[in-house]
Each structure stands twice: as structure tokens, then as C-alpha cells.
Amino acid sequence: MTDKDLTIQQVAGLTGLSVHTLRYYEKIGLMDPIRRAKNGHRAYHMDDMEWIQLIVRLRSTGMPIVEMQRFADMMRMGDAGISRRRALLEEHEQKLMLQAKELEDTLAVLRDKIAYYRAWESGEHSG
């Protein structure tokens, strides 16, 4: 990525978010107001893209928007919000670790079932 500003359409293409979603995230305070170009259109910069990429990652892990808004508010606090941001991310990490464990357990059950069906198909089943 370069230092060149990006349009909202370019950001949408790069992030997979819709233009509507990008505007919505700005409207609800999930993002700081985006700088405007001389023509009045949004002009996204590298720091905006880094923040959007974090938002996309957090959202993809199931973090509710209200928690992401809390995180954004803590970011605006600067250094004073670091401990609270860390705590929020650690709490989310614990939730993700539990989800990963559940997925691993489910995957093990599925693999056992697949092996059973393969054995059945090949005539190696018992019973």
C-alpha cells in the first residue's frame, strides 16, 4: 500500500466491506471521521486502512459491534486506555480459544464418522 489516499470504493474493494458498511462504521463511531479530499469525498489513508483491517478481523471472530465500539473509545484515550484495551482483547482471546477447542472436538468427531463410513464402504466394517 502506498501513501496515496484511497477512495471509499477502493477501500471497499480492498477490505471486502461495502461502501454502506464503511459509512455505517464511521457513523456509529467505530472509526474516527475520515478526512475529506478537496472534492468533499472521503480520503482514506494508511492509518485508516490499518484500523479497518483490525475491525474486519475482530468482526470475523464474532466480536460484537458494541465491544468494538468500546475498543475504539479506549483507543481514543491514548496511552490511558492501553490496560483496558489489553483486557478487552484478552477476554475476547479466551472466547476464541474456547471456540477453537469446540471446533477441534467437533472436527475429531467428524473425522471418526468419516473413517467409519469409509470402512463401511470398503467392506471393513464390523457389526
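Keep in mind that the numbers below use all heavy atoms, side chains included, and drop hydrogens, waters and symmetry copies.
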Handout entry: Pairwise side-chain contact, M46 with L6, heavy-atom cut-off 4.5 Å (strictly under)
Key = no
Exercise for the section: State whether the side chain of R42 and the backbone N or O of I8 hold a donor-acceptor pair below 3.5 Å, judged by distance alone. Expected result: no
Problem - Gap separating the CE atom of M77 from the CD1 atom of I82, nearest 0.5 angstrom - result: 10.0 Å
Exercise for the section: For the pair I55 and W51, evaluate side-chain contact (heavy atoms from CB on, under 4.5 Å) and give the outcome as yes or no after the intermediate values. Expected result: CA-CA 6 Å; I55 291 170; W51 179 249; 3.1 Å; yes
Handout entry: side-chain contact (heavy atoms from CB on, under 4.5 Å) between E50 and L54, intermediate numbers included
Key = CA-CA 6 Å; E50 290 173 9; L54 177 60; over 6 Å; no
Handout entry: Donor-acceptor under 3.5 Å (D112 side chain, V109 main chain)
Key = no
Handout entry: Ion pair R84/D73, N-O distance below 4.0 Å
Key = no
Handout entry: CA sep, side-chain torsions, deciding dist, call: T61, K95, side-chain contact (heavy atoms from CB on, under 4.5 Å)
Key = CA-CA 9 Å; T61 63; K95 291 176 188 174; over 6 Å; no
Problem - For the student: nearest non-hydrogen atoms of M68 and L58, plus distance - result: SD-CB, 3.7 Å
Practice task
Look at the side chain of Q10 and the backbone N and O of T7, then say whether any donor-acceptor pair between them is shorter than 3.5 Å.
Solution key: yes
Practice task
Kindly confirm or rule out a cation-pi arrangement of K27 over Y24, judged by NZ or CZ under 6.0 Å from the six-membered ring centre and within 45° of its axis?
Solution key: no
Exercise for the section: For Q53 and L14, run side-chain contact (heavy atoms from CB on, under 4.5 Å): C-alpha distance rounded to whole Å, both residues' side-chain angles, the deciding distance at 0.1 Å, then the answer. Expected result: CA-CA 10 Å; Q53 289 169 348; L14 290 169; over 6 Å; no
Handout entry: Distance in Å, D48 CG paired with M31 CE, rounded so as to fall on 0.5 Å steps
Key = 6.5 Å
